[in-house]
Amino acid sequence: MALLELRNVTRRFGDFTAVDCVNLSIEAGELFTLLGPSGCGKTTLLRMIAGFDVPDSGQILLDGQDIANIPPEKRPIHTVFQSYALFPHMTVADNVAFPLKMSGKAPDEIKKRVEQALAEVQLSRFAHRFPHELSGGQKQRVAFARGLINRPRLLLMDEPLGALDAKLREDMQRELINLQKEVGITFVFVTHSQDEALALSQRIAVMNQGRVEQIGEPSVIYGQPANRFIADFIGKINLMEAQVTQVSGQDMTLEADKLGTTTLPLKQGVNVGDKGVIAIRPEQISVHAPDKQAELPHAHSGKVLDFLYVGDVTTYIVELDCGIHMEALLANSAPGRARFFEVGDPVIVSWTREAAQFLPN
Ligand code: ATP
């Protein structure tokens, strides 16, 4: 049985539907992420799981039991917010001890468990400091320790790394993954950052306009996006409008705007006449000098319009002869090579049959 199950959960504010018939199951021990653009309903959903808000319809089950009538403080669930919500007048140790004191635990036990919790988040040395004497990352770790001290069944986190700079965020993402493994508690993480969701999660639910559009492992969400919205929202991708003109055996033939006729592996459920987009990730596109055309699959000639060198990779914008602009990502790992092409260079771009996907409208 799933630890947490949402069944047809809906929340309306006036005539606006913020969460629209959401169904999902989260297993015990998962690091699960709700990902979506600002305003898609992530926080509203999290607040209903925590008990701070109530669904208009649908059910939230924990261990198979409907928790509608259990107030937030009685649920075995803790929420960590981006703002840390630490008590400024209390030391780190007192902040972490607070939930135990509230539940009337004995001083000896509190001391032992606070020491253990601070060790888990590598803050033992900071027990006697006050929040204003800590960095952002350290404050967030105190919030995690406080969230974990009562060993909740579920730890909910709403953009907990949102206030940290990029480098620290990455460190904290690794720490969170390790912490989750160590304590074995189910984490539900909310973010609008696709990079963060891909890096952190065992599974992701992608939300858009109150609905869950796809649930899956990061590699599936990235590699086999269910639709155009997800393809576009997660990472960079080239999208070309196209229509299916023929389906035969293992193949489907598409007529793409400007690009012309192209053949891709048949996708289940696709019929002649379906419209949608051909989607290709930039790292799936290769760029070659123009003498190579004969040997390459799905090859199109063009010229380099622009490029962006960012150290490990260079992104090239290539204008194909048909007028389409395509983005290709080349790793700069070849020794001594920082740039392969200059602006204006004639090039051939190509991709394999498997690299391109058709996403119906
Ligand atoms: P963000 O990433 O910006 O925090 P989110 O995905 O968490 O966004 P929510 O905070 O869940 O989005 O809000 C979803 C929608 O519901 C938004 O359009 C928001 O304006 C609306 N909303 C949320 N709470 C209320 C409320 N109490 N009254 C009216 N509208 C609300």
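First listed ligand is number 1; within each ligand, the first listed atom is number 1. The basis for the numbers below is simple: all heavy atoms, side chains too, and nothing from hydrogens, waters or symmetry mates. What you see is a predicted model, and the numbers here were worked out from it, not measured in a lab.
- With sequence neighbours left out, the side-chain contact (heavy atoms from CB on, under 4.5 Å) criterion links Glu241 to Arg228, Asp257, Val277.
- The aromatic rings of Phe307 and Tyr316 sit tilted relative to each other, their planes meeting at an angle between 30° and 60°.
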Where does ligand 1 get N/O contacts under 3.5 Å from the protein, atom by atom?
unit_1	atom_1	unit_2	atom_2	d
ligand 1	2 (O)	Lys42	NZ	2.8
ligand 1	3 (O)	Ser38	OG	2.5
ligand 1	6 (O)	Gly39	N	3.4
ligand 1	6 (O)	Cys40	N	3.0
ligand 1	6 (O)	Gly41	N	3.0
ligand 1	6 (O)	Lys42	N	3.1
ligand 1	6 (O)	Lys42	NZ	3.0
ligand 1	7 (O)	Thr43	N	2.9
ligand 1	7 (O)	Thr43	OG1	2.7
ligand 1	8 (O)	Gly39	N	2.7
ligand 1	11 (O)	Thr43	N	3.4
ligand 1	11 (O)	Thr44	N	2.9
ligand 1	11 (O)	Thr44	OG1	2.6
ligand 1	12 (O)	Gly41	N	3.4

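- A distance-only check finds a donor-acceptor pair linking the side chain of Ser193 to the backbone of Glu196 [under 3.5 Å].
- The salt bridge (Lys or Arg N to Asp or Glu O under 4.0 Å) contacts involving residues 63-79 comprise Asp63-Arg153, where partners must be two or more places apart or lie in separate chains.
- Between Arg151 and Glu120, at least one side-chain N (NZ, or NE/NH1/NH2) sits under 4.0 Å from a carboxylate O, which counts as a salt bridge.
- Residues that satisfy the side-chain hydrogen bond (donor to acceptor under 3.5 Å, both in side chains) test with Glu30, not counting sequence neighbours, are Arg203.
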